[in-house]
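Mind having a look at this structure? Questions to follow.
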Amino acid sequence: MTGIPHDLRDTEVDRDTVERRLAETWRTRRGFWGAIATVDHKIIGRRYIVTAFVFLLLGGVLGLLMRWQLATPEGRALGPDLYNQVFTMHGANMMFLFAVPVMEAMAVYLVPLMVGTRNIAFPRLNAFSYWIYLAGGLLLWVAFALDMGPDIGWFGYVPLSGPQYAPGKRADIWAQMITFTEIAALAVAVEIVVTVFKQRAPGMTLDRIPLFVWAMLVTSFIVMLAMPAIMVGSTSLILDRLVGTHFFNPAEGGDVLLWQHLFWFFGHPEVYIIFLPATGMISSMLPAFVRRPVFGYLALVLSMVTIGILSFGLWVHHMFTTGLPRLGESFFTASSMAIAVPAGVQIFCWIATLWDGRPVFRTPFLFILAFFFTFVLGGMTGVMVASVPLDTQVHDTYFVVAHFHYVLIGGAVFPLLGAVYYWYPKIVGRMMSERLGRWVAGLIFVGFNLAFFPMHILGLQGMPRRVYTYQADLPWGPLNMFVSLSSLMLAAGFLLFFIDAVRSARSGPPAGDNPWDSPSLEWATTSPPPPYNFARIPVVTGPSPLWENRDELPVASGLRLDRREIVITSVADAVPEARESSPRDSLWPFWAALTTSVLLIGSIFSPWAVVWGSIPVAIALIGWFWPKGTPEDEA
Amino acid sequence: MALWAALFLAVGGAGRAEDAPGRAPAAAITPETVRGLRLVSTFRTGNPQAHVASPQVAGDRLLVFTPFPHTLFALKVEAGHLRVDWTFRPDGNRMVEGVACCGLGLPGPAVAGDRLLLNTLDGHTIALDAATGRPLWDVPSAAVPRGETLASAPLVAGDRVIVGTAGDDFGIRGRVAALEAGSGRPLWTRFSTGSDQDVGIGPGFAPFYDRDLGRDAGVTSWPPGGWERGGGSVSGTLLHDPELGLVFHGTGRPAPINPDQRPGGNRWSSGLFARDAATGAARWFYQLASHDLHGVSGTGPLLMTDRDWKGVRRKLLIHVGLSGYVYVLDRVTGEVLSAEPFVPVNASRGVDLATGALLRSDNKTTRIGTMTRDVCPSLTGPVTPGGAALSPETGLLYIATSRLCMDIEPRPATYMQGTPFTGANLRAKRPPNGSLGALVAWDLAAGKPAWTIQEDLPVLGGPLPLPGGVVFYGTYDGYLKAVGARDGRVLWQEKLASGIVAAPTFFTAPDGAQYVSVLAGQGGALGPSAGLEVDARDATAARGLGNVLRGVPPPEDGGGALYLFALP
Amino acid sequence: MKRRAALVMAVAMLVGCQREQRDLRLDPPVAAALDQVAPTANGIGGAPPDVYVALGGPYESNAYNLGEGKRLYTWFNCKGCHADGGGASGPALMDGWWRYGADPVSLFVSLRDGRPNGMPAYRDKLTTEQIWQLVGYVQTIGMASATTAAPSRNDEMQSRPAENRAPAAADLPTPPSR
Amino acid sequence: MRLRHLIVSVLLPLAAGGCAGSQSALDPQGPNAASLAWLIGAFTIVCGIVWLLVMIVVGVALLRRRGAAEPADTPLAEDPGRERRKGAVVLAAVLATVVIVTGLTVISYLATHSLTAASGEPLVVRLRGYQWWWEVTYTSPSPDRFVTSANEIRVPVGRPVRLELSAADVIHSFWVPSLAGKQDLIPGRDNQLTFTAERPGIYRAQCAEFCGVQHARMALVVVALPPDEFAAWLDGQLRDAATPANEEEAAGREVASGKACAACHTIRGTPAAGTLGPDLTHVASRQTIAAGTLPTTRGSLAAWIADPQGVKPGNKMPMVPLSADELRAVSAYMASLK
């Protein structure tokens with residue numbers, strides 16, 4: 001720190017010095033411990049994204065294993081026990097370790113850039129969040145490798161997952177993995193809300209926030225309201241299993257349906273936690289490829305908020321066959337159907353955007369088109385399963401498997417893959433291959449539809465979900481074989497995607513700051529961005545800042561260079577209010593995550609782990625928050 | 001000579017309860033003198049199990065019958081000292097310990113002239129020479145491998161011996177049999193379930209209530225095959241009325257406890273039979289509970305008395321029911337004259353005297369897989385078979401009660417011969433108010449208690465009312481108490497080494513001295529409902545008693561000891 | 001460093017496998033061999049069959065087998081006499097003071113051949129594997145096993161702390177009922 | 001009504017097979033399933049049309065400017081009037097969505113109502129789900145006419161059947177798609193399902209809620225019989241098990257009542273009275289054994305008894321060691337229990 005004058009402002013020196021000094025202040029130290037200690041949202045976001053995609057790859061392999069087993073009747077590839085572990089792992093992995101984290105990972109990387117700040121709020125919490133997420137993922141996968149993988153389905157219905165019918169620690173591992181991922185998700189949600197509310201670039205009023213940021217804001221609120229339900233549920237389950245409480249034991253006053261209510265009170269919003277960021281990605285990418293701002297900004301924001309609110313009113317449509325009162329079921333039919341309206345608003349606004357647009361058929365745009373095709377179809381089957389009587393026929397069948405893969409893959413993964421192609425140059429600094437990208441989009445789109453559309457028919461033909469095999473005299477054999485073969489095509493698409501992503505990191509053409517000529521702030525800095533994101537904090541004058549200010553973006557100045565300073569702005573109008581220093585790198589989040597992991601894993605085996613394990617956690621937290629006289633303490 | 005207060009008032013020979021033979025010549029023990037009672041002698045039996053058999057008087061001998069493995073001691077009292085005259089030790093099949101639901105004890109022998117008739121737990125009915133203890137004959141009456149035991153004393157009815165089997169917990173098919181007293185030759189056997197022929201239902205069968213009619217109801221009121229293991233044990237009191245030539249007995253609850261495995265009325269379980277003593281043919285039957293949900297077994301005490309009932313002289317049968325009601329029936333017709341609760345009851349709302357039906361409480365029905373909480377009384381029953389006695393002096397019925405409630409959760413039961421066929425988790429509980437036990441002096445005419453003495457623990461040691469106006473009873477915490485027969489005032493008490501689970505006995509020695517004797521010995525921590533090695537940390541231990549008796553200190557020495565008290 | 005980590009990993013894997021492994025089908029020859037216990041003359045204690053040792057005592061620490069044992073305990077009417085380990089007409093099991101000792105071979109013989117004071121023989125009702133599963137479970141009632149592999153409570157009436165919550169046998173005072 | 005038939009006939013080819021024993025929501029054989037199939041058809045057509053319209057509009061939107069010469073890149077140039085018109089169109093589309101969604105809600109509500117309305121005195125059958133088989137109890141006002149069977153529900157044609165659903169262990173779900181929608185069997189709760197079979201036939205059903213390791217092999221069949229045949233069959237079921245016709249079967253009966261079989265299974269008329277596994281009194285009269293895993297033949301019975309864990313790994317039936325002769329005898333006996 002010597003050599004830097006105290007209280008050096010960016011107004012006092014030239015741009016080169018600013019950048020040099022900022023780089024010195026914001027850089028991550030080299031070496032192993034430096035990497036562990038970093039709080040740079042870009043490094044953590046990158047880790048998050050890569051980890052999530054590794055889990056996608058692993059989960060995909062599990063999916064292929066299932067299709068291998070189901071390709072022929074009476075298949076012998078996996079036994080029933082292993083198959084049950086595999087499908088549970090597939091579901092739990094995809095939902096808890098891939099879909100939610102990857103959306104949050106994208107947000108961790110992109111939101112600070114899109115709102116024009118230098119780091120995410122609570123960056124140490126952000127580091128902690130990643131380590132916890134990683135530990136949860138490792139817990140699940142190491143357990144699976146040890147033949148201790150959960151075998152109770154990703155929904156873990158009691159009493160099958162309860163103490164009596166799930167001996168051993170398989171179910172506990174599943175339940176505790178949820179705790180890990182939910183802690184991680186809640187941490188990120190808090191960071192994003194605060195980042196969006198308080199760290200937006202000056203001038204970025206509420207109606208100028210990029211739609212992806214809006215989506216993440218709504219998502220973060222859903223996370224904060226929905227995730228506690230599942231944590232209560234999974235903790236209750238662990239308590240039932242370990243210390244013999246009776247939350248789900250009907251004999252002693254518990255209720256097995258309580259679990260389903262808790263689970264789906266989380267589980268349905270979960271779908272929107274995954275889907276809303278994807279709509280945000282669509283809304284944010286679309287302008288670059290149709291060369292127009294998105295139509296109906298306000299309608300889109302309102303529909304996202306509406307979806308966020310409505311998503312809490314539909315959970316019972318997962319429970320239509322449990323024999324709940326008819327009146328309640330009718331209410332949930334109506335509310336489940338009602339969510340089609342805001343979803344429709346979004347679709348119509350995007351179509352209206354397309355209508356006057358001048359489409360540029362690049363890979364991300366192809367994925368957007370694939371999204372339209374697939375997601376609208378999934379939405380239609382969603383309307384079908386919302387109907388109580390209809391659901392009694394298709395519930396827990398392959399029809400539902402098809403439906404939610406249409407919604408989740410079509411509605412979330414396609415936009416995500418588009419987003420990867422779109423933001424890859426920003427993150428890596430190089431373009432992904434357009435030629436391979438077209439292949440990827442084509443293979444995935446065609447493979448997906450060939451693999452999953454027939455499942456609708458299989459479901460209507462009576463094939464239940466979660467069966468490890470079926471008999472030869474049932475009429476499902478040919479379609480299953482077709483599905484399994486098609487899944488290879490889908491897998492080939494993903495394989496190509498991974499190859500492209502890895503290869504392009506080394507040999508892709510350099511991207512430049514704004515390869516797509518996009519209008520939002522993240523393209524206003526270099527690719528990849530420097531540790532401090534923006535040498536000078538941009539000032540926003542409209543919803544499409546880079547299009548409005550083609551020549552030069554207005555900037556705010558006056559921030560100190562010798563410490564990590566960010567601008568705090570007001571919630572509604574983004575008027576600068578204060579300079580705040582952002583925490584520096586620290587190893588404590590890592591230690592805190594490590595000790596928390598030890599506590600959580602230990603508490604699978606003994607409730608005393610909570611007591612003794614909390615001591616090292618407390619030490620780590622004390623270390624984390626101990627005043628050290630560093631610049632951020634002074635602020 | 002004084003057979004006066006034999007535990008069950010199972011009156012043999014001629015006569016009714018009031019004018020039992022051998023009444024004490026003069027009431028020496030009165031509320032005034034009882035304070036002077038002194039311990040004069042003790043005798044240890046050497047058996048650690050719960051002693052539920054009261055000492056018996058046979059001629060000038062006092063008989064002490066230990067729990068399984070049985071020993072029958074014939075003692076003589078000579079100037080306040082006890083001397084063993086003879087002992088009888090039948091060979092025992094020790095496997096019976098595994099099929100005895102509720103302890104290894106049973107009441108001692110019945111006296112028939114110069115003979116003693118003895119039931120053993122492992123299913124033998126044995127005739128002994130009362131003078132020497134030499135066995136005269138020995139016939140098997142119950143099959144241990146099938147789960148049958150004998151839990152009640154044989155009944156002497158003229159030249160017949162009536163024996164009933166126990167084993168509702170093991171899915172037996174309850175039966176009652178008559179043997180020729182002289183030879184042990186079987187005369188007739190009647191079952192509690194099955195075809196009319198097996199049950200003994202024929203042209204002479206005339207129940208008071210129409211609902212107890214029905215051809216082959218012992219089969220048709222069961223699911224197919226259910227009656228073959230439907231319980232209905234005859235393990236309670238057997239009673240003989242020589243005037244009417246009838247034998248009365250109750251039938252135990254249907255098996256298994258889980259009601260969903262035995263849809264239907266489950267005839268002829270949980271009821272009372274009047275049978276022709278000569279042929280075993282049923283005269284009438286009254287079902288205490290159709291499709292019994294709560295263990296309304298008919299195995300509670302049965303007594304008889306002839307009284308004015310609402311102005312009419314009637315021959316009454318009194319049944320102290322496990323459902324918690326004192327039933328007063330006309331023993332000629334089987335009509336229920338009154339049924340009033342003597343312990344806290346919420347499993348039922350009363351008895352409809354017009355139809356005889358027990359009115360169930362809707363919120364206390366039980367079904368498989370569902371726990372019903374706070375059902376009173378408990379399945380273990382509010383009264384033991386020997387827990388009630390009538391006093392001709394006061395006209396009151398004295399009942400030693402357990403005031404237990406329960407949580408019950410029927411579970412699937414599978415029938416495997418010789419293993420329990422119960423299908424319920426039970427957890428006994430305290431009643432909503434009051435103590436776990438009480439001595440109730442019951443006014444039959446009023447249908448309510450004249451007075452009640454609350455005891456902290458269940459009262460299992462049945463009452464002994466004496467003509468002088470004193471009632472003796474033993475408590476679970478080891479006190480022998482004497483209370484005023486009319487007012488329930490405690491007059492005298494003595495702490496013994498172990499809990500008392502049998503009724504005291506009064507007798508007059510040949511030299512005219514009067515004694516009160518009591519056989520103490522509660523067995524293990526949870527008394528006669530369990531074996532010795534019970535761990536009350538399990539709430540369901542000993543049919544749920546673990547839950548209420550947890551923490552009650554076990555006796556220092558639970559084994560049997562006879563205490564002899566006399567006035568100085 | 002790396003080698004040590006690998007070693008720890010390997011041990012963890014072995015422990016994990018042993019605890020969580022689910023052998024759904026026992027080979028008939030193994031089952032037959034598992035029947036070859038060598039009890040002492042008085043039927044108390046004895047040598048387990050070689051195959052039992054070779055398999056590493058899979059019925060005492062394996063969660064699946066213990067769970068199956070618990071199911072069999074209810075299914076085969078053990079509860080009728082021994083309650084949830086508290087005992088009734090049969091002796092208590094949860095006090096850990098057993099007439100024939102806590103040795104698995106004693107328990108196996110008790111279950112298979114019965115005992116004279118009322119314990120019926122289950123030879124014709126259970127298979128050898130099921131008897132071993134019951135042996136393992138009954139040991140957990142007596143708190144003789146590691147709590148990490150003991151079953152938890154059932155979905156029914158709560159009668160006592162579940163096997164995995166009970167104190168270890170060593171911590172118990174003398175049997176409270178006597 | 002014509003529309004209904006049209007829809008059903010369009011969908012029918014999808015119900016591959018459509019033959020007896022099928023398990024398909026598109027092959028309705030009773031009024032419930034028919035009404036549900038109609039509903040599926042109606043939703044499919046409405047949703048299909050909507051989807052097609054959206055795709056057409058997307059396609060047009062993409063193609064209408066393709067040929068146009070690239071104008072100057074002025075993405076922010078905006079025509080307020082045009083924007084307003086687009087807004088109106090979007091609004092109209094949203095309103096149309098509201099109308100369609102409301103309509104669908106109403107027809108699904110009406111369908112729910114039509115399902116709950118049943119006519120006639122129903123046959124009450126208790127169905128209890130176990131891991132991994134079904135216990136079926138035909139009730140009657142007279143308890144001695146209760147019949148317990150397993151993995152097969154026989155119903156009279158034309159008479160409503162009310163299933164009283166309960167679960168012994170974990171949650172299961174009863175689903176016979178050709179006759180009705182599914183309903184869960186939940187421990188601690190009572191559910192009901194009423195359906196009617198209109199035509200004689202064999203309808204396969206399967207557990208639809210994941211219930212553990214053998215969830216996949218927890219099937220049952222619903223056999224719809226003409227009422228008189230059903231009555232005769234029920235009378236037959238009331239009889240005790242057939243007496244052995246020859247020495248081999250007699251030997252088999254000895255094995256069945258002496259070995260571990262009797263601990264779990266009931267064979268009425270013999271000492272075997274266990275209730276842990278399916279009632280075997282008339283096992284050979286049922287279509288399948290092991291909950292739809294194998295057809296009932298002497299060979300499959302032998303295979304099943306010899307190695308239940310090989311056929312259906314993880315199920316609760318143990319492998320009881322039997323000699324070859326015992327196995328032959330017991331399978332002969334089982335095959336004789338019609």
Side-chain angles (χ1 to χ4, degrees), chain B residues 48 93-104 144-145 147 169-170 256 369-371 373 407-409 411-427 524-526 529-547 550-551 553-554 558, chain C residues 71-100 110-111 113-126 141-143 153-163 165-167 172-178:
Chain B
N93 172 8
R94 303 214 59 157
M95 281 309 284
V96 75
E97 293 180 22
V99 294
C101 86
C102 310
L104 305 182
V144 170
D169 278 5
F170 290 80
T370 305
M371 179 141 67
R373 290 170 187 272
D407 294 342
I408 178 169
E409 183 192 22
R411 306 288 304 181
T414 191
Y415 181 77
M416 266 176 266
Q417 197 180 67
T419 66
F421 185 49
T422 45
N425 287 327
L426 296 174
R427 194 163 59 186
L526 301 187
S529 57
L532 290 177
E533 293 155 58
V534 170
D535 191 328
R537 288 174 300 178
D538 175 3
T540 58
R543 311 167 98 222
L545 285 180
N547 198 42
R550 185 184 294 147
Chain C
R71 173 175 64 79
L72 296 169
Y73 183 83
T74 311
W75 273 25
F76 284 80
N77 296 343
C78 309
K79 259 188 160 176
C81 289
H82 300 282
D84 276 343
S89 54
L93 303 172
M94 64 189 289
D95 56 9
W97 291 72
W98 296 339
R99 295 183 188 184
Y100 302 96
S110 297
L111 280 160
D113 304 340
R115 293 289 187 183
N117 290 39
M119 173 74 200
Y122 276 89
R123 188 191 288 107
D124 291 335
K125 300 185 176 81
L126 293 167
I141 306 180
M143 305 149 199
R153 67 155 175 79
N154 271 3
D155 281 333
E156 54 188 281
M157 180 185 282
Q158 163 90 355
S159 53
R160 63 177 168 98
E163 292 79 3
R165 301 285 302 135
L172 282 181
T174 49
S177 65
R178 260 164 288 179

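Just so we're on the same page: letters track the sequence lines, and every chain starts at 1.
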**Report entry** For the student: nearest non-hydrogen atoms of B:M416 and C:F76, plus distance
**Finding:** CE-CD2, 3.4 Å
Report task. Just jot down the salt bridge (charged side-chain N to carboxylate O under 4.0 Å, His left out) partners of C:K125, sequence neighbours excluded, or say none. Result ->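 Testing C:K125 for salt bridge (charged side-chain N to carboxylate O under 4.0 Å, His left out), a comparison that skips the adjacent residues, returns none.
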Query - Non-hydrogen atoms of B:T419 and C:P120 that approach each other most closely - result: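 Looks like CG2-CG, 4.1 Å.
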Query raised in the report: Is there a donor-acceptor contact under 3.5 Å from the side chain of C:D95 to the main chain of B:V534?
Result: no
**Report entry** Sub-4.5 Å side-chain heavy-atom contact between B:C101 and C:S89
**Finding:** no
Query raised in the report: C:T74 versus B:R411: any side-chain heavy-atom pair under 4.5 Å?
Result: no
Report summary line: All heavy atoms of C:S159 vs all of B:R550, minimum pair found to be O-NH2, 4.1 Å
Report task. Could you tell me which of C:G90, C:A88, C:G80 has the largest number of non-hydrogen atom pairs under 4.5 Å with chain B? Result ->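 Among C:G90, C:A88, C:G80, the one with the most close pairs to chain B is C:A88.
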**Report entry** Test item: B:E533 and C:W97 side chains (from C-beta on) under 4.5 Å apart, heavy atoms
**Finding:**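 Not in contact.
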Query raised in the report: Counting only N and O atoms by type, is there a donor-acceptor contact under 3.5 Å from the side chain of B:D538 to the main-chain atoms of C:D84?
Result: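 Checked: pair present.
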Query - Residues which pass side chain to side chain donor-acceptor pair (under 3.5 Å) with B:T422, listed by chain and number, not counting sequence neighbours - result: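 Expected list: none.
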Requested in this report: Using non-hydrogen atoms and a 4.5 Å limit, figure out which bit of B:D407 sits close to chain C: side chain, backbone, both or neither.
Outcome: both
Query raised in the report: chain C heavy atoms under 4.5 Å from B:L526: which part of the residue, side chain, backbone, both or neither?
Result: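 Neither part; nothing is under 4.5 Å.
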Query - Closest contact, heavy atoms only, C:A83 versus B:A541 - result: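 That closest heavy-atom pairing would be CB-CA, 3.8 Å.
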Query raised in the report: Do B:R537 and C:R160 touch side chain to side chain, with heavy atoms closer than 4.5 Å?
Result: no
**Report entry** Atom group of B:L104 that falls short of 4.5 Å from chain C, counting heavy atoms
**Finding:**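 Neither part; nothing is under 4.5 Å.
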Requested in this report: Please answer whether the main-chain N or O of C:Q158 pairs with a side-chain N or O of B:R427 as donor and acceptor at a distance below 3.5 Å.
Outcome: yes
